[in-house]
Amino acid sequence: MTIRRRLDRSGGVWAAEIDALAASVARVVNVEADTDIVREGDTPTECRLLLEGWTCRYVPLKDGRPQILGLQLAGDALDLQGFLRGEMDHVIATLTPCRIGIIPHGVLHGLVERHPGIGRLIQVETATEAAITRRWLLNAGHRQAYAGMAHLICELFTRAAAAGMTEAFRFPMPLTQTELGSALGLTSVHANRTMKRLQQAGLVSKRCRWMTIEDWDGLRKVAEFDPAYLNLDFPPP
């Protein structure tokens with residue numbers, strides 16, 4: 001159902017193709033939080049679909065804590081790079097306990113040959129990943145922390161809604177202040193202060209690993225958020 005909701009939001013994939021993709025999952029594995037599931041330099045023979053939980057991308061550094069370079073939510077493909085070019089140039093790690101569907105590369109190649117919509121979907125997914133990366137670079141390098149945090153929250157809420165994870169304007173937010181700061185190139189102290197400013201402005205509230213958008217229009221205005229780069233035919237709300 002997670003895959004179906006995500007693909008229904010993306011558009012361009014027939015129901016039969018969605019069924020074929022879902023049926024191609026050879027097995028489902030459970031992975032604990034804070035676990036590297038794909039490492040830099042790996043050459044995967046399988047693709048992974050995130051069914052539940054949150055993961056991140058990062059590049060390991062010899063000195064200091066690595067910066068989070070991307071976040072994946074339920075319904076996202078984790079390692080299409082391994083399918084398209086073989087070797088991975090970054091690490092994918094779990095942030096929470098996760099359920100992951102495994103599709104062998106040979107099976108996926110067969111699906112692409114038989115179902116053109118799945119091939120288009122892979123192209124859209126990789127293009128979307130690149131577009132998200134460009135927005136993150138803009139957040140970290142140009143926007144002030146207040147606008148950058150607002151933009152990240154808008155993006156995560158929109159993606160969570162596409163995956164069927166929201167309740168009105170409420171969505172899961174399991175990330176720590178340190179992880180939010182890492183995604184924006186901020187210290188945990190700066191991230192905490194910035195989040196408090198958004199809450200004091202009445203734009204968001206956060207409680208028990210859930211975040212509520214209190215003023216969607218106001219938050220979008222602060223962030224200058226346009227969801228077009230997420231390639232969702234029917235972006236919420």
Side-chain angles (χ1 to χ4, degrees), residues 2 5-6 8-11 50 52-58 67-76 95-96 124-125 127-237:
T2 300
R5 289 191 190 99
R6 174 68 177 83
D8 284 345
R9 283 285 186 181
S10 297
L50 185 59
E52 292 179 12
W54 292 58
T55 65
C56 71
R57 304 183 193 277
Y58 73 89
Q67 182 176 345
I68 291 176
L69 302 174
L71 291 167
Q72 296 80 45
L73 286 66
D76 286 340
L95 295 172
T96 67
V124 170
E125 289 296 303
T128 301
E129 183 180 314
I132 290 173
T133 298
R134 287 190 288 271
R135 292 306 189 281
W136 280 42
L137 286 171
L138 186 64
N139 285 341
H142 179 72
R143 288 193 174 102
Q144 297 295 318
Y146 188 68
M149 182 75 77
H151 194 279
L152 179 60
I153 292 171
C154 286
E155 177 189 300
L156 294 177
F157 168 70
T158 303
R159 292 170 61 189
M165 297 165 55
T166 57
E167 300 173 2
F169 282 92
R170 184 171 175 261
F171 70 107
M173 175 51 73
L175 305 182
T176 66
Q177 298 292 354
T178 298
E179 290 163 348
L180 281 171
S182 179
L184 290 163
L186 306 174
T187 65
S188 58
V189 173
H190 197 177
N192 186 50
R193 289 173 180 164
T194 304
M195 181 63 72
K196 285 183 177 178
R197 284 185 61 199
L198 291 170
Q199 292 172 321
Q200 291 167 353
L203 299 176
V204 302
S205 59
K206 189 173 184 290
R207 183 178 181 184
C208 297
R209 296 168 67 89
W210 282 78
M211 179 167 286
T212 301
I213 310 295
E214 303 290 355
D215 181 356
W216 174 243
D217 290 337
L219 190 68
R220 285 188 62 176
K221 183 176 180 179
V222 168
E224 299 181 338
F225 179 71
D226 179 351
Y229 71 99
L230 295 174
N231 289 312
L232 298 170
D233 283 357
F234 309 101

Between the main-chain N or O of Thr178 and the side-chain N or O of Ser182, is there a donor-acceptor pair closer than 3.5 Å?
no

Is Arg220 close to Phe225 at the side-chain level, that is, under 4.5 Å between some pair of heavy atoms?
yes

Heavy-atom check, side chain of Asp76 versus side chain of Leu73, under 4.5 Å:
yes

Sequence neighbours left out, what passes salt bridge (Lys or Arg N to Asp or Glu O under 4.0 Å) with Glu129? Give chain and number order.
Arg57

How far apart are the closest heavy atoms of Leu198 and Tyr146, and which atoms are they?
CD2-CE1, 3.4 Å

Of all the heavy-atom pairs spanning Pro172 and Trp54, show the shortest one and how long it is.
O-CZ2, 3.4 Å

Within-4.5 Å side-chain heavy-atom neighbours: Leu175 and Leu71:
yes

For the student: nearest non-hydrogen atoms of Thr96 and Gly53, plus distance:
OG1-CA, 3.4 Å

CD of Glu224 to CZ of Arg143, rounded to nearest 0.5 Å, is 6.0 Å

Which heavy-atom pair separates Thr166 from Ala160 by the least distance, and what is that distance?
CG2-C, 3.8 Å

Report yes or no: do Gln177 and Ser188 form a side-chain donor-acceptor pair below 3.5 Å?
no

What distance do His142 atom NE2 and Leu137 atom CG have between them, rounded to the nearest 0.5 Å?
13.0 Å

Cation-pi, Tyr229 ring and Arg134 (6.0 angstrom, 45 degrees):
no

Non-hydrogen atoms of Glu179 and Pro174 that approach each other most closely:
OE1-O, 4.2 Å

When rounded to the nearest 0.5 Å, the distance separating NE2 of His190 from CE of Met149 is 8.5 Å

Aromatic plane relationship, Phe169 with Phe157 - under 30° parallel, 30 to 60° tilted, over 60° perpendicular
parallel

Could you pull out all residues at least two apart from Glu155 that satisfy salt bridge (Lys or Arg N to Asp or Glu O under 4.0 Å)?
Arg159

The reported gap from CZ in Phe171 to CD1 in Ile213 (rounded to nearest 0.5 angstrom) is 5.0 Å

Could you tell me whether the side chain of Ile153 reaches within less than 4.5 Å of the side chain of Leu180, counting heavy atoms only?
no

Got a sec: does the NZ of Lys206 have more than 12 other heavy atoms crowding it under 6.0 Å?
yes

Taking the side chain as every heavy atom from C-beta outward, state whether Arg207 and Thr212 have any pair of such atoms under 4.5 Å apart.
no

Considering residues at least two apart in sequence or located in another chain, which fulfil the salt bridge (Lys or Arg N to Asp or Glu O under 4.0 Å) criterion with Arg170?
Glu167

How long is the straight-line distance from OG of Ser205 back to CE of Met195, given to the nearest 0.5 Å?
10.5 Å

Quick one: closest heavy-atom pair of Gly202 and Asp215, and the distance?
O-CB, 3.8 Å

Exactly one candidate in Leu230, Asn231, Leu69 meets side-chain contact (heavy atoms from CB on, under 4.5 Å) with Ile132; the answer is Leu230

Is there a side-chain contact between Glu214 and Leu203 (heavy atoms, below 4.5 Å)?
no

